[in-house]
Amino acid sequence: MSPAAVAVVLIILCAAAEARVPTGHLATRRRDNVPAGVGACALAVAPLGYPCEEHTVTTVDGYILSLQRIPRGRRASGGGAGQPVLLQHGVLTDGMTWLLSSPEESLAYILADRGFDVWVANNRGTRWSSRHVSLDSSSRSYWDWSWDDLVLNDMPSMVDYICSHTLQKPHFLGHSMGTLVALAAFSEGRTVDKLKSAALLTPVAYLSHMTTPLGILLAKAFVGELITVLGVAEFNPVTPAVASLFKELCRHPGTNCYDLLTDFTGKNYCLNSSAVDVFLQYEPQPTSTKTMVHLAQTFRDGVLSKYDYVWPSVNVEKYGQPDPPVYNMSNIPAGFPLFLSYGGRDELADPGDVGRLLGDLRGHDRGKLTVQYLEQFAHADFVIGTCAKDYVYNDVVSFFNRFN
């Protein structure tokens with residue numbers, strides 16, 4: 001979920017809301033189904049026969065982030081690791097997104113088996129990145145951040161750590177809000193000189209063409225006083241306040257909550273019910289309410305800018321100007337290799353909005369910008385679709401190999 005975030009936000013809430021899982025169940029469910037003290041390596045990776053390492057990195061503002069490393073494939077015979085690549089998830093999910101399908105279908109395993117050194121990111125506030133050097137995750141102060149802080153702190157910290165640990169520049173791959181954070185960072189010159197390339201699946205920079213009725217209602221709800229109505233700084237879909245919000249939105253005329261996955265992301269091409277069921281065993285994950293408000297501002301304002309504090313005096317205090325600064329996509333270095341893949345049925349990262357982004361990149365060097373358009377794909381196909389390997393991942397691997 002990301003701008004399209006609002007996307008996964010519900011993609012996950014998807015069955016959790018009204019379909020397979022009753023809304024009331026959201027309010028009583030644990031944060032996740034993972035035993036205490038068990039990391040992603042032990043939970044998902046090692047049982048499949050892959051080597052896996054748990055790493056942590058601390059951001060400048062004190063958040064302790066978890067990274068999982070799969071240094072090689074399960075059939076590789078020891079030796080050094082290959083070319084590193086960092087996988088970045090979207091909003092309301094975590095790194096488990098890349099690890100839930102079979103080795104033949106999950107991107108993390110596919111890359112490892114193709115000789116890459118795979119690093120899986122987990123944003124602040126999620127299951128394995130909920131610690132801080134001084135703040136408790138139950139406090140409001142812990143959740144006082146928006147996705148601007150992922151641009152400024154989380155992504156650079158993880159990239160720096162991988163560079164120092166491997167002595168190599170990694171490739172980057174993001175989905176949904178993971179692409180938003182990357183694009184914003186690149187537009188400000190952050191991490192570009194420390195990455196070899198970036199692959200962006202369902203790239204999000206604009207949301208003006210988002211067409212899902214429930215997604216639009218949710219985005220509008222987060223503009224204004226909703227943050228006060230919720231009374232919480234943490235946006236956790238399994239809590240009563242947030243579950244009630246979705247339940248009320250589902251009653252709005254024109255919405256269809258029987259199949260939330262389709263209603264929010266578009267009609268996905270190659271998802272099956274078992275893939276969705278597995279996904280919902282581990283997701284959604286919390287984020288900050290401030291991040292959800294920031295995403296809603298992106299939809300409302302039609303531009304990609306830093307968090308708007310609404311009061312000009314506060315913006316001046318934060319940014320030195322009455323309006324929040326804009327992330328200018330045309331500032332992304334023209335020689336930086338980019339791979340963009342998007343779908344014709346995606347109602348979150350709508351083709352019209354991706355087209356606007358491509359317009360911003362029209363000055364990009366020829367040969368350094370690869371664009372893939374899949375007319376039949378929607379938002380979730382790119383992450384948990386059973387056919388993503390054949391349609392997307394093989395091309396991603398070829399792209400990375402061009403710039404190794």
Side-chain angles (χ1 to χ4, degrees), residues 2-5 57 59-63 65 86 88-91 121 123-124 144-164 169-207 287-288 290-291 293-295 297-299 301-309 314-340 349 353-354 356-365 368-369:
S2 54
V57 56
T59 65
V60 173
D61 55 346
Y63 289 83
L65 310 179
L86 173 63
Q88 178 62 63
H89 61 83
V91 73
N123 284 345
R124 60 179 66 188
D144 186 18
W145 48 269
S146 78
W147 59 257
D148 283 334
D149 297 278
L150 308 185
V151 174
L152 181 64
N153 295 308
D154 289 27
M155 182 176 173
S157 294
M158 290 186 285
V159 171
D160 284 346
Y161 182 86
I162 295 170
C163 287
S164 63
K169 291 182 178 182
H171 294 293
F172 174 91
L173 184 140
H175 174 253
S176 196
M177 195 179 79
T179 72
L180 169 69
V181 170
L183 287 166
F186 300 158
S187 74
E188 294 189 329
R190 302 182 191 278
T191 73
V192 177
D193 60 336
K194 298 177 181 179
L195 294 172
K196 283 197 170 182
S197 73
L200 309 177
L201 310 184
T202 68
V204 173
Y206 304 105
L207 286 175
T287 188
S288 67
K290 194 172 177 181
T291 286
V293 172
H294 194 179
L295 293 172
Q297 291 173 352
T298 304
F299 166 77
D301 300 337
V303 296
L304 189 63
S305 65
K306 296 183 184 293
Y307 186 84
D308 188 352
Y309 289 88
V314 180
N315 283 333
V316 168
E317 179 183 346
K318 296 288 185 178
Y319 309 122
Q321 58 188 62
D323 295 312
V326 171
Y327 290 107
N328 189 340
M329 295 296 100
S330 62
N331 286 341
I332 296 175
F336 181 65
L338 291 175
F339 175 95
L340 276 62
D353 288 322
V354 177
R356 181 178 173 188
L357 170 62
L358 292 174
D360 291 338
L361 299 175
R362 60 185 176 275
H364 219 74
D365 290 353
K368 295 296 180 69
L369 177 62

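Computed over heavy atoms, backbone and side chain alike; hydrogens, waters and symmetry mates excluded.
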- Query: Side-chain contact, heavy-atom cut-off 4.5 Å: L180 with V91?
  - Reply: no
- Gap between atom CG of N331 and atom CG of L183 - 0.5 Å precision: 12.5 Å
- Output for pair (F336 CZ, F172 CZ), nearest 0.5 Å, gives 9.0 Å
- Query: Quick one: are Q88 and M158 in side-chain contact, heavy atoms under 4.5 Å?
  - Reply: yes
- Examine distances only and state if a side-chain atom of K368 and a backbone atom of G335 form a donor-acceptor pair shorter than 3.5 Å. yes
- With a 3.5 Å cut-off and no angle check, do the side chains of D308 and N315 form a donor-acceptor pair? yes
- Taking only Lys NZ, Arg NE, NH1 and NH2, and the carboxylate oxygens of Asp or Glu, determine whether D61 and R124 approach each other closer than 4.0 Å. yes
- Message: D360 vs Y206, test: side-chain contact (heavy atoms from CB on, under 4.5 Å). Steps then yes/no.
- Response: CA-CA 11 Å; D360 291 338; Y206 304 105; 2.4 Å; yes
- First locate atom OG of S157, then atom CD1 of I162, and finally report the distance between them rounded to the nearest 0.5 Å. 11.0 Å
- Look up atom CG in L65 and atom OG1 in T59, then write down how far apart they are to the nearest 0.5 Å. 5.5 Å
- Query: Of T291, L295, V293, which meets side chain to side chain contact (heavy atoms under 4.5 Å, CB included) against S146?
  - Reply: T291
- Among all residues two or more places apart in sequence or in another chain, which pass the side-chain contact (heavy atoms from CB on, under 4.5 Å) test with S187? Y327, M329, I332
- Hey, are the side chains of S197 and L338 touching, using non-hydrogen atoms and a 4.5 Å cut-off? no
- Name all residues meeting the ring pair (Phe, Tyr, Trp, His ring centres under 6.0 Å) criterion together with Y309; count only those two or more places apart in sequence or in a different chain, and write none if there are none. Y307
- Item | Listed once per pair and sorted, the salt bridge (charged side-chain N to carboxylate O under 4.0 Å, His left out) pairs that draw on residues 193-205, sequence neighbours left out | D160-K194
- Message: Rounded at 0.5 Å granularity, tell me how far OG1 in T298 sits from CG in D353.
- Response: 11.0 Å
- To the nearest 0.5 Å, atom OG1 of T191 lies from atom NZ of K169 at 11.0 Å
- Query: Is there a side-chain contact between K290 and D149, using heavy atoms and a 4.5 Å cut-off?
  - Reply: no
- Checking side-chain contact (heavy atoms from CB on, under 4.5 Å) for the pair N123/H89: CA distance, chi angles, key distance, verdict? CA-CA 8 Å; N123 284 345; H89 61 83; 3.5 Å; yes
